[in-house]
Amino acid sequence: MLSEPRSGRLAAWGNALLAGLVSPDDAVHAIVEDDAVHRVEGLPGESAPVGLTLALGRLRGLGVTGLRVALPVPGHPLGLSGPPAFNERALEAEEAVVASGAAYGLVPEVYEAGPEDAAAVEDVHVEVVWHCLPVREAPPADVPSLGEAERELAEAMREATQVLSRLDVAASGPLAEAALDAYRARADRGRELLAPGYPPRAVRVLELAQRVGLLVSMAYDHGHGGAVSASEMAARAAALQPVERTARRAQVAAYNSYVEVREGGRG
């Protein structure tokens with residue numbers, strides 16, 4: 001959860017484009033970010049993959065009025081509404097975008113190429129194909145309101161800190177420092193966390209969700225501290241799982257808030 005999900009960028013900037021708040025070029029540039037290219041495959045009326053600019057225009061022509069995010073994992077279909085074929089593909093990718101106004105969803109498939117010993121992100125060539133599939137028009141699973149997410153995150157932040165302290169998880173070393181540096185760099189660009197049109201509260205919730213996600217990722221990946229036995233590591237995973245779940249729910253709430261507010265939903 002250290003990095004912004006591609007589905008988040010597509011939904012946020014796609015919503016801004018659909019609302020006429022940004023130009024197609026600016027939206028596509030923000031969505032693609034450091035990747036080489038994004039294409040959309042399976043659009044109705046298209047026999048081959050097309051670029052994002054054409055795809056977003058085509059989706060608007062098909063009746064799409066907004067885009068939501070899903071960040072599912074096994075046992076937690078967060079943001080999904082079916083059918084099973086779409087859910088399975090989204091679960092495999094652990095992310096998806098679900099359209100509002102027309103029953104379509106987009107699931108990314110990422111292709112990476114570069115030297116095996118690539119030391120820098122710039123050495124890796126990344127192409128993304130978004131697969132357009134039919135979805136069921138139903139409320140997304142387990143997505144809280146922004147207010148609910150903000151309250152849950154405050155408690156999750158306390159729990160994450162307590163868990164790391166209790167389990168003596170080391171948060172030091174070069175990997176942890178690199179993670180912190182990456183987070184600080186992202187935080188310094190806080191105004192870019194979401195696209196134009198999102199409420200300030202959504203930016204605040206997303207920033208806090210990413211901070212909680214950073215703590216969880218560091219606990220899993222960057223140091224074992226006193227949790228050296230299998231039972232201790234299992235205890236750590238069990239303690240952190242609900243915190244990670246809360247952070248993912250909050251991320252989805254933040255990205256989806258634009259559509260929720262526009263449709264008169266929860267805030």
Side-chain angles (χ1 to χ4, degrees), residues 1-18 21-22 26-38 40 52 56 66-73 78-79 90 93-98 105-112 120-122 124 126-130 140 143-144 146 149-150 153 156-157 178-218 220-222 243-259:
M1 293 186 65
L2 294 184
S3 60
E4 185 179 24
R6 290 180 173 89
S7 56
R9 296 202 304 268
L10 177 56
W13 289 91
N15 283 331
L17 177 61
L18 290 170
L21 300 175
V22 297
D26 287 344
V28 170
H29 178 75
I31 294 167
V32 173
E33 203 173 63
D34 296 326
D35 298 334
V37 65
H38 284 215
V40 179
L52 270 182
L56 290 169
L67 300 170
R68 290 185 171 96
V69 170
L71 297 177
V73 295
L78 176 61
E94 295 190 351
E95 63 175 310
V97 172
V98 180
L106 300 165
V107 180
E109 187 170 2
V110 180
Y111 301 89
E112 295 184 352
V121 174
E122 308 88 69
V124 181
V126 179
E127 296 188 7
V128 180
V129 175
W130 294 88
V143 179
L146 272 178
E150 194 167 29
L153 275 172
M157 193 69 174
L180 284 169
D181 288 344
Y183 173 77
R184 292 186 188 110
R186 173 68 67 179
D188 288 342
R189 298 163 54 205
R191 65 184 181 280
E192 298 177 21
L193 280 176
L194 287 170
Y198 276 83
R201 190 177 203 178
V203 178
R204 185 169 67 247
V205 167
L206 182 57
E207 195 274 340
L208 183 55
Q210 290 181 347
R211 190 186 311 166
V212 172
L214 172 67
L215 290 176
V216 172
S217 296
M218 289 175 64
Y220 279 129
D221 302 331
H222 301 314
V243 179
E244 187 271 341
R245 182 188 183 106
T246 296
R248 282 191 302 107
R249 291 179 78 235
Q251 275 196 310
V252 172
Y255 286 121
N256 293 6
S257 62
Y258 182 88
V259 176

What's the shortest heavy-atom distance between [X] and [Y], and which atoms?
X: Ala70; Y: Ser7; result: O-OG, 4.3 Å
X: Val22; Y: Ala27; result: CG2-CB, 3.9 Å
X: Ala12; Y: Leu194; result: CB-CD2, 4.1 Å
X: Pro196; Y: Leu21; result: O-CD1, 3.5 Å
X: Ala247; Y: Gly213; result: CB-N, 4.2 Å
X: Val205; Y: Ala254; result: CG1-CB, 4.3 Å

Measuring from [X]:[atom1] to [Y]:[atom2], what's the distance to the nearest 0.5 Å?
X: Asn256; Y: Tyr198; atom1: CG; atom2: OH; result: 7.0 Å
X: Leu153; Y: Arg204; atom1: CG; atom2: CZ; result: 11.0 Å
X: Arg248; Y: Glu244; atom1: CZ; atom2: CD; result: 4.5 Å
X: Trp130; Y: Ile31; atom1: CH2; atom2: CD1; result: 8.5 Å

Sidechain-backbone polar pair: Asn15 side chain, Leu67 backbone, donor-acceptor under 3.5 Å: yes
Any donor-acceptor N/O pair, Arg9 side chain to Glu33 backbone, under 3.5 Å: no
[X] vs [Y] side-chain heavy atoms within contact, under 4.5 Å:
X: Pro140; Y: Val98; answer: no
X: Leu146; Y: Pro199; answer: yes
X: Gln210; Y: Leu206; answer: yes
X: Tyr255; Y: Glu4; answer: yes
X: Val69; Y: Leu10; answer: no
X: Val40; Y: Leu52; answer: yes

Charged N-O contact under 4.0 Å between Arg6 and Glu95: no
Val143/Leu78 under side chain to side chain contact (heavy atoms under 4.5 Å, CB included): CA gap, chis, key distance, verdict: CA-CA 7 Å; Val143 179; Leu78 176 61; 4.2 Å; yes
side-chain contact (heavy atoms from CB on, under 4.5 Å) partner of Glu112, chosen from Asp35, Val128, Val126: Val126
